[in-house]
2 protein chains.
Amino acid sequence: MQRPSQINSPGTRKGRPVSRQVLADHVYEELLESLMDGRLEPGATVSIDGTARDLDVSPTPVREALARLEHTGMVRRVALKGYRVAPVFTREDFAELMEARLAIEPVNARLACARLTPERLAQLEQAVTDLKTAPRGPSFAEYRDYLEADERFHRLIAEQTGNQFMVAAYAALGGQVQRFRLFGGVGITDAENAIAEHQAVLDALSTGDPEKAAAAMAEHVRKVRGRAIADAPES
Amino acid sequence: MQRPSQINSPGTRKGRPVSRQVLADHVYEELLESLMDGRLEPGATVSIDGTARDLDVSPTPVREALARLEHTGMVRRVALKGYRVAPVFTREDFAELMEARLAIEPVNARLACARLTPERLAQLEQAVTDLKTAPRGPSFAEYRDYLEADERFHRLIAEQTGNQFMVAAYAALGGQVQRFRLFGGVGITDAENAIAEHQAVLDALSTGDPEKAAAAMAEHVRKVRGRAIADAPES
DNA sequence: CATGTTCAGATCCTATAGGGCTGGTACGGA
DNA sequence: TCCGTACCAGCCCTATAGGATCTGAACATG
């Protein structure tokens with residue numbers, strides 16, 4: 001019972017030191033980062049007590065963080081055995097993911113198109129710009145910003161539908177998450193093509209024609225699938 | 001530290017008393033039941049310590065159960081304030097849910113149709129049979145079995161796609177969950193119609209024509225939306 | 001009467017202790 | 001050498017204690 005007083009850096013006189021942090025949130029994000037960076041390899045066990053020691057906290061917030069994480073599909077829990085990092089994506093998993101994206105994302109594009117505002121359009125343009133300017137070095141870490149912009153673009157479209165359930169459905173695909181892991185070992189070779197397709201989706205949205213937007217998104221997803229399957233490892 | 005010895009009713013000589021239960025799982029299901037039955041009204045606060053006292057457990061498993069529940073949309077968490085039951089469905093929420101179902105469920109029907117086996121078909125037939133025979137009394141509790149069969153029918157189709165992500169997307173809609181609460185105050189008046197439509201979906205699946213199956217499912221969802229909006233309260 | 005203060009209870013959050021189980025290792029006997 | 005047993009460390013799971021904050025009511029003061 002010594003740390004709580006250290007969390008809020010004292011000295012801020014009043015009005016919430018920006019935001020009192022809950023330790024479980026911090027643990028959650030820390031674990032998420034480890035998972036996306038590949039520091040936690042698929043199949044590895046995630047010990048509750050162990051990570052508590054590593055992060056220098058008690059097991060209680062770790063339990064809470066893992067309970068939340070489980071619902072994202074990143075880790076799996078076995079009743080009295082603990083948590084394990086979810087296994088790697090197989091080619092079949094990837095095909096299933098693309099099938100699901102093909103069912104959901106064009107709908108999102110159509111709905112988002114119908115209620116597009118200049119402000120929202122600007123956000124999408126920013127995402128595409130970031131996509132173009134993000135470094136694409138050889139190591140995985142250097143793709144981080146690129147992948148983040150990619151994910152942001154798709155998530156923004158989901159959010160711009162204004163439909164909470166479509167957002168939830170998109171999130172269930174692990175939009176933020178699985179994609180990072182998917183390419184963890186593969187490498188990304190289709191950046192140039194993907195950027196052009198994102199631009200095409202953006203252009204289609206700008207025209208205000210929902211069907212065009214849906215078609216552009218569908219084509220993008222199909223092409224991503226095609227390219228990824230082409231140079232996927234045997235696995 | 002006295003209860004663990006009571007959980008596994010001693011006397012079973014060996015081989016796991018069917019399954020050692022984890023308290024958090026029990027709390028989870030208990031809370032879920034309270035939420036679906038309406039005992040926990042929308043907007044009510046769910047105190048961690050309080051429910052721990054009610055269920056006669058410690059706060060630790062309650063925290064874990066609530067962390068999982070949050071991801072289903074049944075409860076919302078505010079960082080240092082606690083959990084509250086999610087607010088009631090508005091008419092707009094309902095419209096959004098139906099829009100999302102319309103995007104996802106016909107696809108599920110199409111995919112499920114393609115890989116339908118006799119065994120799976122039998123499961124679906126069982127669900128429709130249960131739907132027909134379930135009691136439909138005036139009180140909410142008496143609709144329990146009916147709603148369970150309804151949900152099971154749709155979930156089976158999602159699972160029969162063999163696509164884990166479509167299952168996840170369907171689950172994100174709160175398939176198991178939101179529907180129970182949705183009608184909590186409204187009452188169900190469309191059982192006869194809905195049963196016929198489920199039968200129609202089942203028939204379409206039996207023909208083995210994926211497009212027929214998708215169309216039947218789309219029509220079902222649209223009609224549910226139409227009927228529910230017709231006799232929905234102002235709210 | 002209005003307003004500020006104090007105090008008690010409730011609540012969230014975290015740390016710690018300890019029970020029960022499992023898996024592996026060392027050791028002793030056949 | 002091989003096998004069984006005892007032991008030990010690590011893990012999951014739960015309970016309990018205690019600090020920090022918030023709420024609301026009782027109370028005091030202008």
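Chain A is the first sequence line, chain B the second, and so forth, proteins listed ahead of strands; every chain is numbered from 1. Quick note: numbers below take in every heavy atom, side chains included, and nothing from hydrogens, waters or symmetry partners.
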Round to the nearest Å and state the distance from B:Asp25 atom CG to D:dC13 atom P. 9 Å
Does this structure show an ion pair linking A:Arg68 with A:Asp25, if we count only N-O contacts that are shorter than 4.0 Å? yes
Take the protein atom CD1 of B:Ile48 and the nucleotide atom P of C:dC13, then report the distance between them rounded to whole Å. 5 Å
Between atom CD in B:Glu64 and atom P in C:dT14, what is the gap in whole Å? 15 Å
Once you apply a heavy-atom cut-off of 4.0 Å, does B:Thr60 come out as touching a base, just sugar-phosphate, or nothing? base
Going by atom types only, do A:Asp150 and A:His198 share a side-chain donor-acceptor pair under 3.5 Å? yes
From D:dA15, C:dA15, D:dC12, pick the nucleotide closest to the side chain of A:Ser47? D:dC12
Nearest-nucleotide wise, let me know which of A:Ala24 and A:Lys81 is further upstream toward the 5' end of DNA chain C. A:Ala24
C:dC12 phosphate, OP1 or OP2, under 4.0 Å from B:Arg63 side-chain N/O: no
In whole angstroms, how far is the C1' atom of C:dA15 from the CG atom of A:Leu55? 15 Å
Rounded to whole Å, CG of A:Asp49 lies from P of C:dG19 at a distance of 16 Å
Taking the side chain of A:Leu80 as heavy atoms from C-beta outward, which of D:dC13, C:dC13, C:dT14 is closest to it? D:dC13
Testing the 3.5 Å rule here: is there a donor-acceptor pair between the side chains of B:Asp93 and B:Thr90? yes
Between A:Arg53 and D:dC11, is there a side-chain N or O to OP1/OP2 distance below 4.0 Å? yes
Is there a side-chain contact between B:Arg39 and B:Glu33, using heavy atoms and a 4.5 Å cut-off? yes
Spacing between B:Tyr83 atom OH and C:dC12 atom C1', to the nearest angstrom: 10 Å
Is the phosphate of C:dT11, meaning OP1 or OP2, less than 4.0 Å from a side-chain N or O of B:Arg84? no
Between atom CG in A:Leu66 and atom C1' in D:dC11, what is the gap in whole Å? 13 Å
Measure from the side-chain heavy atoms of A:Pro61 and tell me the nearest of C:dT14, C:dC12, D:dC13. C:dT14
Are B:Ser58 and D:dA15 close enough that a side-chain N or O sits under 4.0 Å from OP1 or OP2? yes
Out of B:Val46, B:Leu69, B:Thr45, B:Leu31, which residue meets the side-chain contact (heavy atoms from CB on, under 4.5 Å) rule with B:Val85? B:Val46
When the distance from CG of A:Leu23 to P of D:dT21 is rounded to whole Å, what number comes out? 15 Å
